[in-house]
> 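Okay, handing you the structure first.
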Amino acid sequence: MREIHLQTPLSAKDIKKLSIGDTVFLSGKLFTARDQAHKKMIELKKKAKKIPFSPKEMVLYHAGPVARKEKNKWAIVSAGPTTSARMESFEKEFLSLFGVKMIIGKGGMGRETLKALKKAGAVYVHFTGGAGALAAKSIKKVENVYFLEELGIPEAVWILRIEKFGPLIVTMDAKGNSFYEKKEKVATKAQRHKEKQQK
Amino acid sequence: MAKISKKNIEEILIEAIEKAETELPKDVIKALKNAAYIEKGLAKIQMEAILENIKIASKEGIPMCQDTGIMTFYIQAGTEFKYLADLKKMLENAVKRATKETPLRPNTVNPFTGENSGDNLGRNIPYISWDMVKGSECIIHILPKGGGSENMSALWMLNSAEGFDKAKKLIVEHIINAGGQPCPPTIAGIGIGGGADICMQLAKKSLLRKIGEPHREKKVAKMEKELFELINKTGIGPMGMGGATTVLDVHIEYAHRHPASFPVGLVLQCWANRRKVIKFEKNGSIKVI
């Protein structure tokens with residue numbers, strides 16, 4: 001198990017060296033997007049409307065934070081990852097439209113995303129579910145927030161400055177390997193073995 | 001311990017909600033520490049991140065998870081409890097204020113319009129389950145439950161002849177398929193019997209029980225232990241990273257069933273098993289546990 005520290009914007013070289021099981025700590029900039037934000041951004045892009053920030057410079061984070069406004073400035077209180085499977089139907093298109101190189105989420109994603117990651121030269125990294133306070137500690141600044149009025153706090157797109165954000169575990173790499181597919185195989189095998197014994 | 005007055009009940013409720021969101025009960029912390037100790041590799045990294053996370057949350061008084069859940073209250077109220085008539089309103093006010101003051105994430109969305117009410121209040125939410133008893137005491141269990149684990153709930157209306165064998169198989173399979181999604185190590189709450197709604201209610205209510213506390217009936221406790229072992233043998237492990245701890249505990253509650261039915265409900269609770277209990281005592285004092 002390797003520990004790797006990365007800085008955004010990520011380069012193709014950064015991504016290439018990542019393999020399943022590596023632990024990453026990330027610094028730089030990320031944007032949050034859940035299902036509604038994915039839908040919204042894809043719609044805008046398709047209508048050739050301008051996205052008000054540059055997604056490919058940042059990392060995509062599947063998360064809906066707790067945020068508080070203090071003296072007219074937003075602060076993130078708690079911001080762990082949300083279940084990535086909800087974004088599966090959008091991710092292939094999202095990756096090809098926005099050129100994001102890293103997705104942070106929890107629980108993993110499916111085969112379509114795995115293929116899209118390979119094509120885009122991107123990786124999926126897992127962050128500990130529920131680790132909202134730990135995440136907030138690494139979030140240094142809210143740079144901006146988009147679609148807040150329309151989508152509400154959890155679904156809005158938050159642009160966040162982060163420092164040593166992690167531990168993030170690479171679970172889907174850019175070479176077409178997925179930790180989840182391996183696990184699935186092991187689980188089915190174990191189940192079959194058990195059933196055989198019961199018979 | 002504090003004396004009750006109408007004025008300070010709301011403050012105490014807000015504080016209890018905040019404590020529920022920022023500090024885990026001792027039994028949960030103990031179980032998580034134990035899991036961190038026995039796990040290895042990637043699973044250990046997950047457990048250590050969880051322990052670090054709960055430490056930061058309680059030290060800084062911030063929600064341990066950004067999904068502060070939908071507020072659910074289980075109330076056992078004495079019919080002579082002095083504030084019975086006002087309690088629902090007080091709880092709603094407390095939720096609304098805690099949303100701003102703690103703060104909590106606004107989690108109540110109108111399914112038809114998609115609009116988020118912004119204050120964690122909405123139709124039938126917070127959800128309150130009432131149980132009336134004799135006397136003047138009142139016990140309120142607070143259970144803020146997140147969406148990720150709730151989405152992994154299941155209901156099976158089994159053929160009564162298939163019963164427990166089928167139920168055990170389905171539960172284990174379901175937990176394998178859920179993988180890391182419900183944020184394991186989870187607590188599996190299982191409700192058996194009654195009807196579709198009743199078994200689901202029982203499954204969720206079983207989560208109020210402490211980790212490590214078996215059902216008071218031996219036969220049920222035996223089933224809990226058997227399922228605990230079966231599920232942990234799946235190797236799903238913390239956050240689905242592979243390991244020995246997929247569940248911290250299994251809790252079963254039951255109701256008598258109709259001869260034709262064998263309803264089984266499963267509700268998973270994530271590792272952030274947030275619970276608080278408020279007790280209004282006979283002598284007028286109030287305790288938050």
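Just so it is clear, the structure is predicted and the values come from calculations on it, not from any experiment. Order of the sequence lines sets the chain letters (A, B, ...), proteins ahead of strands, with each chain counted from 1.
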> Chain A heavy atoms under 4.5 Å from I54(B): which part of the residue, side chain, backbone, both or neither?
neither
> With a cut-off of 6.0 Å (strictly less than), are more than 12 heavy atoms of other residues, nucleotides or ligands near NZ of K44(B)?
yes
> Check each atom of A85(A) against the heavy atoms of chain B and say whether the ones under 4.5 Å are side chain, backbone, both or neither.
side chain
> Quick one, Q181(B) with K106(A), criterion side-chain contact (heavy atoms from CB on, under 4.5 Å). Give me CA distance, side-chain angles, the key distance, then yes/no.
CA-CA 7 Å; Q181(B) 293 184 67; K106(A) 81 167 164 89; 5.5 Å; no
> How about P167(A) and I45(B): do any of their side-chain heavy atoms sit closer than 4.5 Å?
yes
> Identify which part of E115(B) has an atom lying under 4.5 Å from any heavy atom of chain A, answering side chain, backbone, both or neither.
neither
> Atom NZ of residue position K40(B) - does it have more than 12 heavy atoms of other residues, nucleotides or ligands inside 6.0 Å?
no
> Would you name the heavy atoms of C65(B) and S78(A) that are closest together and state the gap between them?
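In this case the closest contact between C65(B) and S78(A) is C-OG, 3.4 Å.
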> Less than 4.5 Å to any heavy atom of chain A: does that hold for the side chain of M64(B), its backbone, both, or neither?
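Contact with chain A involves the backbone of M64(B) alone.
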> CD of E70(A): more than 12 outside heavy atoms within 6.0 angstrom?
yes
> With a 4.5 angstrom heavy-atom cut-off, which part of E101(B) approaches chain A: side chain, backbone, both or neither?
backbone
> Verify side-chain contact (heavy atoms from CB on, under 4.5 Å) between V66(A) and T68(B), making sure each step is shown before the conclusion.
CA-CA 8 Å; V66(A) 178; T68(B) 48; 4.2 Å; yes
> As an exercise, state the distance from CZ of R68(A) to NZ of K100(B), rounded to the nearest 0.5 Å.
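Going from CZ on R68(A) over to NZ on K100(B), the span is 11.5 Å.
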> Quick one: pull up CD1 in I153(A) and CD in Q66(B) and give me the separation to the nearest 0.5 Å.
13.0 Å
> More than 12 heavy atoms of other residues, nucleotides or ligands under 6.0 Å from NZ of K141(A): yes or no?
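Counting other residues, nucleotides and ligands, NZ of K141(A) stays at 12 neighbours or fewer.
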> Check G21(A) against L42(B) and note the closest heavy-atom contact, atom names and distance.
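Where G21(A) meets L42(B) most closely, the heavy atoms are O-CD2, 3.8 Å.
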> Drop me the distance from L134(A)'s CG to L51(B)'s CG, to the nearest 0.5 angstrom.
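Answer for the CG-CG pair, L134(A) versus L51(B), is 11.0 Å.
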> For K140(A), is the NZ atom crowded, meaning more than 12 foreign heavy atoms sit under 6.0 Å from it?
yes
> Can you confirm whether more than 12 heavy atoms, excluding those of K19(B), are under 6.0 Å from its NZ atom?
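Check fails, neighbour count at 12 or below.
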> Which of these passes side-chain hydrogen bond (donor to acceptor under 3.5 Å, both in side chains) with T128(A): E48(B), Q46(B), E52(B)?
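Option passing the side-chain hydrogen bond (donor to acceptor under 3.5 Å, both in side chains) with T128(A): Q46(B).
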> If I compare all heavy atoms of I62(B) with all of A133(A), which pair ends up nearest, and what's the gap?
CD1-CB, 3.8 Å
> Nearest 0.5 Å please: distance from the CG atom of N53(B) over to the NZ atom of K137(A).
11.0 Å
> With only heavy atoms counted, which part of S84(A) is less than 4.5 Å from chain B, the side chain, the backbone, both or neither?
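For S84(A), there is no contact with chain B at all, as no heavy atom is under 4.5 Å.
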> With a 4.5 angstrom heavy-atom cut-off, is it the side chain or the backbone of A272(B) that approaches chain A, or both, or neither?
neither
> Considering all heavy atoms of both residues, which atom of C183(B) and which atom of G130(A) are nearest to each other, and what is their separation?
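Looking at all heavy atoms of both residues, the shortest contact is SG-N, 4.3 Å.
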> Can you find a heavy atom in the side chain of N116(B) that is under 4.5 Å from one in the side chain of P154(A)?
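Yes; the side chains approach each other to less than 4.5 Å.
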